[in-house]
Every structure is written in structure tokens, then in C-alpha cells.
Amino acid sequence: MSELLYEDVLPGGTHWSFVVRRGLLLRLVDVDGGANVGMLFYNPANLLERYNAPDTLKCQHTFKLTRGNCLYSDMGRVFCSIVDDSVGWHDTVCGNTTRAVVAERWGTRTYQACRNDWQLNGHDSFLVEGGKYGLGRRDLAANVNWFSKVVVADDGAMTFDVGNSKAGDHVDLRFEMDTLVLLHTCPHPLNPAADYPRAAVRYQFRSAPPMTEDDACLNACPENRRGLENNRLYHLIG
Amino acid sequence: MLKESTLAAAAAIYRAVVPAGDYWLHEVKAGQTFRIVDVDGNQAADTLFYNAADPFERYSASDTIRAQANVYLGVGSKLLSTDGNVMATITADTVGRHDTLGGACATESNTVRYALEKKTMHACRDSYLLALAEHDRFGLTKRDIGHNINFFMNVPITEDGGLTFADGVSGPGKYVEMVAAMDLLVLISNCPQLNNPCNAYNPTPIELLIWGEGA
Ligand SMILES: [Zn+2]
């Protein structure tokens with residue numbers, strides 16, 4: 001593992017955003033277990049290029065995200081690759097909590113009464129962070145929910161797995177192009193917890209080792225080789 | 001669950017056939033009933049809904065499946081907007097299951113899914129982009145192309161997290177019908193996909209019908 005360049009902790013129920021350069025590795029660590037990190041990706045050079053969950057799933061014939069998977073933009077390119085994962089299953093279809101969902105499930109807590117212990121929701125968190133880059137409600141899409149697992153029965157019914165991620169579990173993202181990242185640590189929308197879950201997440205930046213021919217993401221399926229070839233063309237012609 | 005409609009085609013106030021590879025952009029008013037017919041079977045109707053009065057409010061696949069706690073659409077499914085409002089409710093369906101996770105095909109995703117040289121083949125997002133460009137009075141652009149419904153498509157998910165594009169459960173003449181809960185702008189790409197065995201590499205027409213006042 002290369003040198004740690006930066007690390008910090010995001011408390012549960014908060015939001016943040018940043019532009020990450022191609023070639024950096026982002027590790028997310030579930031500090032106490034049961035974390036959820038909602039995340040969306042955009043191309044900072046063309047904000048119309050954004051994360052596309054349907055393409056990500058169907059290109060890799062998968063419903064879950066884990067090591068070996070690439071996260072695709074709607075332009076057939078890869079924002080980042082999952083190069084390591086101790087969790088095994090991350091959700092990208094269930095979306096976010098909204099103000100209404102949080103109020104219905106966990107009640108209303110105002111900022112005036114509770115200060116930073118109020119109960120933020122994922123939807124508003126993305127609107128706030130996206131607004132810093134000129135993005136609005138037109139630009140939101142199905143997000144990743146790191147550390148969260150939702151299984152689907154034959155009839156399509158969904159069940160949230162409360163024990164999916166343990167304290168110390170991590171996922172490593174290698175960025176394959178410059179990427180605007182919006183994220184929040186609000187609860188997964190299907191989390192059945194009685195109290196608003198507030199799980200902290202540690203994040204760390206390192207330099208990613210260069211991709212080699214035996215790379216797990218490159219070789220996971222022929223689709224990923226073609227997606228990463230689209231990245232190569234993008235970086236060739238700009 | 002299968003449920004047939006009680007409405008007669010002869011009583012519809014609007015009927016149109018859309019060939020494969022074309023788009024359809026039309027208003028459906030609150031209270032009107034809207035039917036999409038899979039004329040020859042195993043076609044995909046890639047459908048987007050916008051609130052006609054505020055088109056930045058639009059169909060949300062993730063809110064819809066979260067609220068109904070089910071990944072498939074069928075009779076009784078309420079189609080939710082990005083603001084959590086009901087846009088339409090499916091009231092009749094002779095197919096049994098519709099997909100809202102697979103999204104629309106695009107030339108760029110075709111390069112990944114099939115082969116790099118497929119980037120010149122017509123795809124659903126091209127139809128969406130042309131529709132929005134030709135109707136720019138709505139002020140909608142690529143920004144507004146969200147995750148659509150694929151009516152008539154069957155995309156089963158397994159308990160261990162697999163995803164497959166299965167042969168259709170649809171067939172000639174099967175249909176899905178819904179009642180609009182708000183004034184809607186409906187944008188359909190009748191999928192031109194020539195690379196997917198689901199439609200036997202043969203995209204075919206769909207028919208659209210509307211019942212109610214003022215179509
Ligand atoms: Zn298509």
C-alpha cells in the first residue's frame with residue numbers, strides 16, 4: 001500500500017464533495033460498522049457526463065458492486081474501479097432518503113433544536129453539494145450506497161441486510177479519470193433501524209499503483225477492457 | 001399479476017403507431033388512461049415521464065423501487081417522481097413484469113456492452129436527444145435524460161446479486177396501461193437495439209392509446 005497522503009473522518013449524517021484527479025486511490029473505511037456512503041460522480045470538464053447506474057450494472061451483468069467492478073459514466077467510460085473490497089456487496093439502485101422519508105421513519109429534528117445532531121437526508125445533501133458546481137435537481141441520478149446490501153427475492157421484493165458491513169471494513173476506489181465526487185453519510189433509505197443511524201466513515205487518499213495487465217478490474221469481463229479502452233481514447237484526444 | 005383492461009380501443013381519443021427506432025413525445029393529462037401495446041412482441045418501450053407543469057420534476061427509478069420495496073413494475077405500481085410525488089399508477093398489464101433498472105441503450109454504452117465499433121449504431125439516447133432538440137420549447141436537454149422504464153423488458157435479479165437479460169415475458173398484442181396522476185410529458189424511445197437477443201435482433205412497432213378528455 002502506497003504512502004498515505006491525507007485522511008480524515010466524516011461523521012454520520014453529513015455531506016461533502018471534491019474533485020479527485022485520475023490516478024488517486026480513495027479508501028473508505030466503515031469506522032464502527034453499519035455505515036452508508038451515498039456517492040455520485042460527474043466529469044468536472046463536462047458536467048453532462050455523469051455516473052450511470054443502469055450502464056454500470058448491465059455492462060457487468062451484476063446487481064451488486066464489489067472488487068473487479070468498474071463504475072461507468074453515461075459516456076461509456078470508467079470514473080473509478082473497485083480495486084479492493086472487504087465488504088463484498090454495495091448497493092446502487094435504492095437511491096436516497098428524502099426529507100419525507102426521514103421524517104416518516106425517524107421523526108423531525110430541526111437544526112435550531114438539535115444543531116449538528118439534526119437528521120439530514122441524502123437527497124438534500126446531494127442538492128447542497130451539487131449546487132456548489134452548478135448542479136441541480138435535474139442532475140441527480142441513482143447513486144452508489146457504499147457498505148449497504150439489499151437482496152432481491154424471485155418476486156422482486158427487496159430486503160436490507162443489517163449486518164453487511166463490519167467495523168474496519170473498507171473499499172478502495174482507483175480513479176481512472178478526473179472526477180467530481182458528491183457524497184454523504186446519511187442512512188440507506190431501506191435501513192430499518194429504530195433510531196436515525198449515524199455511522200462515521202474514514203477516508204484516505206493515496207497514489208494508485210499503475211494498472212498492470214493482470215489487473216482484476218481490467219480482466220473482470222471483456223466489457224471492462226472496452227470501457228477502459230474508451231478512457232484511453234479520452235485521455236489521448238482530451 | 002396479470003390484469004386486463006376494460007377499455008375498448010374504439011373508445012380511445014388518441015391512437016398512434018411508433019415504428020422501431022422512432023420517438024414519441026406527447027402530453028397525457030391527469031386522469032387520462034394511457035396504454036402502450038407491444039404490437040409484435042418482445043419490443044422495449046424506453047419511457048421517461050416529466051411533470052408537464054414543472055419538467056425538472058421527473059420519473060425516478062430509485063424512488064419508485066424504494067417506495068414499493070420491489071425492483072419490478074406491474075399492476076399497482078406507483079411511478080414516483082424525483083420529488084416523491086405519484087406521477088402515474090399502473091392499472092392493467094398483460095405482461096406481468098417490467099424493468100426499471102436496465103436503463104436505455106446509448107451508442108457509448110453499446111461500445112462497452114457489444115463492441116467498440118458499435119458506436120455508430122442507432123440507440124435510444126439518440127432518439128431522446130433528437131426529441132428534446134426538436135421540441136426545445138420544453139427547455140429539456142441531455143441533463144434531463146434520467147433513468148427510464150423499459151416496458152416489456154424482463155431483467156431478473158438473482159438473490160446472489162446477478163443480473164440477466166432474460167427472454168421477454170411479453171408477446172404480440174400484450175400491453176401495459178396506467179392512469180396519469182398529474183399532467184405528464186411522456187417521452188418514449190421505441191428501442192432500435194440490433195445487438196440484443198431479447199428481441200431476436202428485430203425491433204418492431206409499438207402502439208399508444210389514450211382515453212379521457214382533451215388528448
Ligand atoms: Zn434502446
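Within every chain, numbering begins at 1; the chains are lettered A, B, ... in the order of the sequence lines, protein sequences first and strands thereafter.
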Which bit of [X] is near chain B, if near means a heavy-atom gap under 4.5 Å: side chain, backbone, both or neither?
{"X": "A:Val150", "result": "neither"}
{"X": "A:Leu190", "result": "side chain"}
{"X": "A:Asp74", "result": "both"}
{"X": "A:Arg50", "result": "side chain"}
{"X": "A:Glu49", "result": "backbone"}
{"X": "A:Phe160", "result": "neither"}
{"X": "A:Ala100", "result": "neither"}

Which heavy atom of [X] sits nearest a heavy atom of [Y], and at what distance?
{"X": "A:Asp155", "Y": "B:Asn70", "result": "O-ND2, 3.0 Å"}
{"X": "B:Arg143", "Y": "A:Asp139", "result": "NH2-OD2, 2.5 Å"}
{"X": "B:Glu159", "Y": "A:Val151", "result": "O-CG1, 4.0 Å"}
{"X": "B:Arg113", "Y": "A:Cys59", "result": "CG-SG, 3.7 Å"}

Would you call [X] and [Y] a side-chain contact if the rule is heavy atoms closer than 4.5 Å?
{"X": "A:His61", "Y": "B:Thr164", "answer": "no"}
{"X": "B:Thr111", "Y": "A:Asn230", "answer": "yes"}
{"X": "A:Arg137", "Y": "B:Arg58", "answer": "no"}
{"X": "B:Val71", "Y": "A:Met158", "answer": "yes"}
{"X": "A:Thr98", "Y": "B:Asp83", "answer": "no"}

Most heavy-atom pairs under 4.5 angstrom with chain B, which of [options]?
{"options": "A:Gly156, A:Gly76, A:Pro222", "result": "A:Gly156"}
{"options": "A:His123, A:Lys58, A:Arg138, A:Glu229", "result": "A:Arg138"}
{"options": "A:Ala141, A:Gly95, A:Ala142", "result": "A:Ala142"}

Partner of A:Phe63 by side chain to side chain contact (heavy atoms under 4.5 Å, CB included), out of B:Val155, B:Asp160, B:Ile157, B:Thr158: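 Running side chain to side chain contact (heavy atoms under 4.5 Å, CB included) over B:Val155, B:Asp160, B:Ile157, B:Thr158 with A:Phe63 returns exactly one hit, B:Ile157.
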
Separation of B:Thr82 OG1 from A:Asn96 CG (nearest 0.5 Å):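 Between atom CG of A:Asn96 and atom OG1 of B:Thr82 there are 12.0 Å.
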
Straight-line distance of B:Ser60 OG to A:Leu140 CG, nearest 0.5 Å: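 So the gap between those two atoms works out to 9.0 Å.
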
Side-chain ion pair, B:Arg125 and A:Asp55, N-O less than 4.0 Å: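 The answer is no: the pair does not qualify as a salt bridge.
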
